[in-house]
Trainee: 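Starting off with a structure, shown below.
Just so we're on the same page: letters track the sequence lines, and every chain starts at 1. The structure presented is a predicted model; accordingly, all values stated were derived computationally and were not measured.
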Amino acid sequence: MEFRIIARALRYVVIGVFALWTLIPLAWIVSLAFKSYAEWRVSYFIPKNPTVDNFLLLFNPQELLGRYGVMGATAIIEPATKPLLNSLIITAASTVLAVFVGFFTAYGASRYRVPGPFTLFFTLLTRMLPPAIFITPIMVYYSNLRILDTHIGLIALYSAVTVTYAIWILKGFIDAIPIEWEEAAMLEGATPIKVLFKVVLPLVRPGLVVAGLFIFLLTWSELLFALVLTNINAVTLSVHISKYVGAVGQLFGPQAALALIGSIIPVVIGYTIQKHLVTGFTFGMVRG
Amino acid sequence: MEAEVVVNNISKRFGDTVAVDRVSFEVYRNEVFTLLGPSGCGKTTTLRIIAGLERPDTGRIYIGGIDVTDLPPQKRDVCLVFQEYAVFPHMSVYENIAFGLKVRKASSDTVHRKVVEAAETLGLTQYLSSRAGGISLSEQQKIALARCMVVEPRVLLLDEPLTLVDARTRERMRRELREIQRKIGITMLYVTHDQLEALMLSDRIAVMNRGRLVQVGTPIEIYDNPQNLFVAQFIGSPTMNFIEGVLRKYGESFILERDDLKIPLDNLAEYYDLERLVDREVVVGFRPEDSSIDVKGTIEGSIELIEIVGDKLALHIRVSRDVILKVYTSIYEDISIGSKVRFLLNPSKVHVFDKATGRKPLLIGAK
């Protein structure tokens, strides 16, 4: 009896420590986002004079930087609107592209045998080296192609890197679809393209959602490549956060505010597609 | 009779195994033609070749007089009902049935009319708006049938459609399937391993074994006159009685000898040319219902077991050290375990096969 109580208590302690470990930085960001300049460096959570200045500054830096002392006076910051839009466009486009290409590749890999030494395993090669290794060659390529600091450049890179995940996630889903459904559709008169779009695609929809969400999150939070490959035009949210710097330090408040906005967007997206994720778990129980 | 499907000498290998070995047959218009055989006999592969889902290594397929061997499945004017995964789980029953018409871009009026019509024929009207994945297996098979019916194929192919349905429902569905087939008058090519199903449903049956076609005929021909030892063993429930032995000829009489057991086969010699089987190992077979207890019977044995089968008794009679035969009788007197009985065989229903080849001797008068 006592042993069970101790075991239970221990379990809560472990969970509690883990929760604190994860949640304190988050809470800190929330707190910091609402703190005024004077309170940034003090160690309490609840701001004494809560303010939304940090949020306003994101979108109207010129007028509000004056309120942030020397740091504000020495900082050169563009409004966050453009990076926000850039991130949405680049992430959405590369996610759609990766899932689209990944779907067809996965279908091919699942249903057809390709002769020769090239197998699907090779798509994992790009994942086996630290991404930093690719930065220099890609910069050179991009510079020659004149697509540095462009949307298309980032979209191409992100979708090329993440398509691997789409392929492997979707292959599992497609493998689980009995071939009989496709054959039945063919015999009822559907061409191979129609079989793909009317039978396979709807059946792997949960897989598309899972792959899409996963890739969206990866791309949304990507910093390294965006930092190197962008400058003014195609700056993404994660890069923009690093730009709140004055002569004597970082503008923690606006950084926290932007980080908060940047985290809320994936949460909202995840929440709205939740029901498709649930169908993902019930998939395969069609025979009742 | 017009041949709707002509299968001409098709073969198919998968690696080292020969799944289909030089099979040829014809399916006539509006008949139910069944490919019957144990699992792995090549019947499903044959069906899939006809449907266009597999390519034959050799041979040609003609459907409606057109060579379709090189055509993809959707251009062959056939439709296939599968053993399982009959319905698309992500669509309603209505959408399932409408699928074939929609991909062929039929007008929405036509789609609606045909779907409702097919649903009525098959008694599916009440399910039309339900999700197809959620309803019972037997109804799902009907949906699969409806899906094929609406596209009005020249030939309807069915691959063991009732195997997964429970026994009671299966019996009802067999009857319904036959009625529907008569009503809409469609050519059906049916694949099953269930001989009762084949005997009940078919106009003609093709029995397959190890990739080969062993006999084609009406259910009665297949049942009453198996041309081959395999067919004799496979068809019938209970199975035939078989006695293995050596055929001897003494003077003008033919005798099957096995140890101390001697069975005169003179009656059989009236039908078959037995000369060529003399001194060879043969198998004699007869069905339990084609024998009768009779004091003048030519075979004697002692009763080992008595089984009640409906209104008759099945007697398991030991006629020699290791041969027990099953004989039906409706005479109840003097029947008890251990007692000696004599019985007669109906000579026109006794079959003899060459043990080595499995073949029947030629009929007398045949070339």
Trainee: Taking side chain as C-beta onward, heavy atoms only, is A:Glu188 less than 4.5 Å from B:Val150?
Mentor: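 Sidechains of B:Val150 and A:Glu188: no contact.
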Trainee: Tell me, for B:Arg76 versus chain A, whether the close heavy atoms (under 4.5 Å) come from the side chain, the backbone, both or neither.
Mentor: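 Neither part.
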Trainee: Give, for atom CZ of B:Phe82 and atom CG of A:Leu187, the distance between the pair rounded to the nearest 0.5 Å.
Mentor: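 The CG atom of A:Leu187 is 6.0 Å from CZ of B:Phe82, to the nearest 0.5 Å.
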Trainee: Heavy-atom pairs under 4.5 Å with chain A - which of B:Val78, B:Leu53, B:Leu157 has more of them than the others?
Mentor: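 That would be B:Leu53.
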Trainee: Residues of residues 98-110 of chain B under 4.5 Å from chain A (heavy atom pairs)?
Mentor: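 Only B:Phe99, B:Gly100, B:Val103, B:Arg104, B:Lys105 of residues 98-110 of chain B have a heavy atom under 4.5 Å from chain A.
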Trainee: Quick check for you: to the nearest 0.5 Å, what is the distance between B:Met91 atom CE and A:Leu203 atom CG?
Mentor: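 Rounded to the nearest 0.5 Å, the CE-CG separation comes to 7.5 Å.
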Trainee: With a 4.5 angstrom heavy-atom cut-off, could you sort out which part of B:Val81 is near chain A: side chain, backbone, both or neither?
Mentor: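 Neither part, no heavy atoms under 4.5 Å.
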Trainee: Non-hydrogen atoms of chain A under 4.5 Å away: do they reach the side chain of B:Phe88, the backbone, both or neither?
Mentor: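 Both the backbone and the side chain of B:Phe88 come within 4.5 Å of chain A.
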Trainee: For B:Glu95, look at atom CD and say whether over 12 heavy atoms of other residues, nucleotides or ligands are found less than 6.0 Å away.
Mentor: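 More than 12 heavy atoms, drawn from other residues, nucleotides or ligands, come within 6.0 Å of this atom.
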Trainee: Which residue pairs pass the ring pair (Phe, Tyr, Trp, His ring centres under 6.0 Å) test when at least one of the two sits in residues 29-77 of chain B, sequence neighbours left out?
Mentor: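 For residues 29-77 of chain B: B:Phe25-B:Phe33.
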Trainee: Tell me the salt bridge (Lys or Arg N to Asp or Glu O under 4.0 Å) pairs involving residues 158-175 of chain A, sequence neighbours left out?
Mentor: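 As it turns out, the salt bridge (Lys or Arg N to Asp or Glu O under 4.0 Å) pairs with a partner in residues 158-175 of chain A, which skip direct neighbours, are A:Lys171-A:Asp175.
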Trainee: Could you tell me which residues in residues 94-112 of chain A have at least one non-hydrogen atom under 4.5 Å from a non-hydrogen atom of chain B, sorted by residue number?
Mentor: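 Counting heavy atoms that sit under 4.5 Å from chain B, no residue of residues 94-112 of chain A is involved.
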Trainee: Any side-chain heavy atom of B:Gln74 sitting closer than 4.5 Å to one from A:Lys194?
Mentor: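 They are not in side-chain contact.
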Trainee: Tell me if the CG atom of A:Leu145 is crowded by more than 12 foreign heavy atoms within 6.0 Å.
Mentor: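 Enclosed.
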